[in-house]
Amino acid sequence: MSEERSLNFIEEIIENDLNSGKYETLITRFPPEPNGYLHIGHAKAICLNFGLTKKYGGYTNLRFDDTNPVTEKTEYVDSQQADIKWLGFEWKNELYTSDYFDSLYEYAVTLIKKGLAYVDDSTAEEIAELKGTPTEAGKDSPSRSRSIEENLDLFSRMKSGEFPDGTYTLRAKIDMASPNMIMRDPVLYRIKHAEHHRTGNKWCIYPMYDFAHGQSDSIEFITHSICTLEYVAHRELYDWLIEKLEIFPSKQYEFARLNLSYTVMSKRKLLQLVNEGVVSGWDDPRMPTISGLRRRGYTPESIREFCERIGVAKRENLIELSLLEFCVREHLNKTANRVMAVLDPIKLIITNYPEGQNEILIGENNPEAEDKGGTREIPFSNELWIEREDFMEEPAKKWFRLAPGAMVRLKHAYIVKCEDFKKDADGNVTEIYCTYIPESKSGEDTSGINVKGTIHWVSSKHARSAEIRMYDRLFTSECPDAEEGDFKDYLNSNSIEIIKQAYIEPYLANADKDARYQFIRKGYYCLDKDSTPEHLVFNRTVSLKDAWAKANK
Ligand code: ATP
Ligand code: MG
């Protein structure tokens, strides 16, 4: 799909490392914390990590970074796996940081024995207080001078569950005056009497991210450990631990996280939306989660294309949501079958077409597809539904659709001429009366009449009704995270619009649950999981209008 592009900075590093023989095999990992569903930001990290080993050979591990027993669940592990597979990637090994708890414990003991870690009985507040500020050195904790023997004894008792939460921590003994605050004796282990989704009650001490991550990378011989920019300051500690432990020298590289306009992108915040009922669940079609995008009708190809287009940068920026929409629109234009659906119906009666007569017309499914997507049968009769907006009682200039006396082509069918219409007491048009030109049938038109407008329709006798759900952005602010107050103050109260009764071609009664369709002149739609054969429900993935491309010409 994409044109040739130049290497990004990570690819440059990797090509150098492979060419110089520094590594033989590229090994990357994708390390989600199983504390929520994956979102489009994770998709970027997935496409990057898996994409690199696809391009350069080697492999990618899936490692669940499950060091926090309180927030992690098996449901999240399962959904994260399903989402990665759906995006089209395969991991080599399915691994869990919790599988390394024994090794990590031994690493901690090694550090203690080297005089490079100590057990601190300071409270969290005391630790924070002694930490100093970026311009002012910190102060040593009284525990810093504890003997190696005493540290070993206390650490082993922390492990055996002797102490309540918060009473002791294990800290690295580095430099309380370091200009990098993270190097000021970071906490490596904390006590947490909590059941873990995999290790159960075996542990009551858990490693901190900084202690677990680099060491897990090293255990797996990860050559390039790619993470987001927040971890730049952590790199020094990452390298320090690996050096002191004398283990495989994995290296960390940081790239800019994806920020998307009109979206929040932290699992913690998305969980709030779920828990507070703002959305119907993690897979609500308005959510930026991979499962939400999937339910909305996004394709894996379009998400991968989006990640490719935004590229890999070293500086943060805000990507337009409309670029994501542009990518799905492009893919669906090539792959989605065209069908007719009338969302705001008004009746059109053809007065010179015999009542009771039916006719089967043939429609091409997708003029943009290489094989044209085949054809389908479309029933025609004297009573149709058309869009209310395709009729104007007093037509504007350059109006090429229906109006009194005007002619228009019915897609795949005939040219009709509006002869009359009926209104109700409130002045709303209720019925339109037309005559049709029998010689004007699409594909075999001998009428010699040229019309400028073509409109879509469905035969009312044959139509099925369907519920249509249309979505808009979930937030009114371009950057809800940067606004004052709570991000939920910026929710878009009109982010969903439901049409209870639209009319669709009978062909769609057998819509495939994984297929996407273009409702001609309206947008791209797919079946929702709430749909049943008796009550069809469609989601609008994206409208047809190409606002992004226009703005970027
Ligand atoms: P969240 O706050 O949404 O939970 P996280 O970074 O804490 O994000 P993890 O599960 O720890 O989530 O992330 C797994 C991987 O995905 C990490 O390598 C992380 O850098 C990457 N990642 C997370 N969010 C983004 C994003 N917005 N853009 C790019 N990569 C991301
Ligand atoms: Mg995290």
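Start at 1 and go down the list; that is how both ligands and their atoms are numbered. Reckoned from all heavy atoms, side chains included, excluding hydrogens, waters and symmetry mates.
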Begin with the C-alpha distance, continue with both residues' side-chain angles, and end with the deciding distance and a verdict on ring-ring contact (aromatic ring centres under 6.0 Å, His included) for Phe326 and Phe306.
CA-CA 9 Å; Phe326 170 83; Phe306 170 73; over 10 Å; no

Those residues at least two apart in sequence (or on a different chain) that pass salt bridge (charged side-chain N to carboxylate O under 4.0 Å, His left out) with Asp217 are Arg29, Arg63

Atom 19 (C) of ligand 1: of Thr228, Leu229, Ile319, the nearest heavy atom sits on Thr228

The atoms of ligand 1 lying under 4.0 Å from a heavy atom of Pro32, numbered in the order shown, are 10 (O), 14 (C)

Practice problem: Test Leu332 against Ser302 for side-chain contact (heavy atoms from CB on, under 4.5 Å), laying out the working first. | Solution: CA-CA 8 Å; Leu332 293 179; Ser302 62; over 6 Å; no

Candidates Ala45, Pro34, Ser266, Gly41; heavy atom nearest atom 25 (C) of ligand 1 found on Gly41

Smallest heavy-atom separation, Thr541 atom then Gly297 atom, equals OG1-CA, 3.5 Å

Review point. Does the side chain of Asp121 pick up a donor-acceptor pair with the side chain of Ser143 at under 3.5 Å?
Key: yes

Near Glu33 (heavy-atom distance under 4.0 Å), the atoms of ligand 1 are 9 (P), 10 (O), 11 (O)

Quick note on ligand 1: atoms under 4.0 Å from a heavy atom of Phe255 include exactly 29 (C), 30 (N)

| message | Can a side-chain donor-acceptor contact be found between Tyr262 and Glu478 if the only test is distance below 3.5 angstrom? | response | no

Glu243 meets the salt bridge (charged side-chain N to carboxylate O under 4.0 Å, His left out) criterion, sequence neighbours left out, with none

Filtering Lys267, Arg29, Gln80 for the heavy atom nearest atom 10 (O) of ligand 1 leaves Lys267

- Can Ser250 and Ser218 be counted as having a side-chain donor-acceptor contact under 3.5 angstrom? no

**Request:** Please check if any side-chain donor atom of Glu325 sits under 3.5 Å from a side-chain acceptor atom of Tyr298, or the reverse.
**Result:** no

**Request:** Could you tell me whether ligand 1 has any atom less than 4.0 Å away from a heavy atom of Tyr231?
**Result:** no

Item to complete: Check whether any heavy atom of His39 sits under 4.0 Å from an atom of ligand 1.
Response: yes

- request: Return yes or no for this condition: an N or O of Ala256 is under 3.5 Å from an N or O of ligand 1.
  value: no

Counting heavy atoms under 4.0 Å, the part of Arg268 that contacts ligand 1 is neither

For Met265, the atoms of ligand 1 under 4.0 Å from one of its heavy atoms are 3 (O)

Looking only at distances, please establish whether an N/O atom of ligand 1 is found under 3.5 Å from an N/O atom of Lys44. no

Atoms of ligand 1 under 4.0 Å from any heavy atom of Pro31, numbered from 1 in the order shown, are 14 (C), 18 (O)

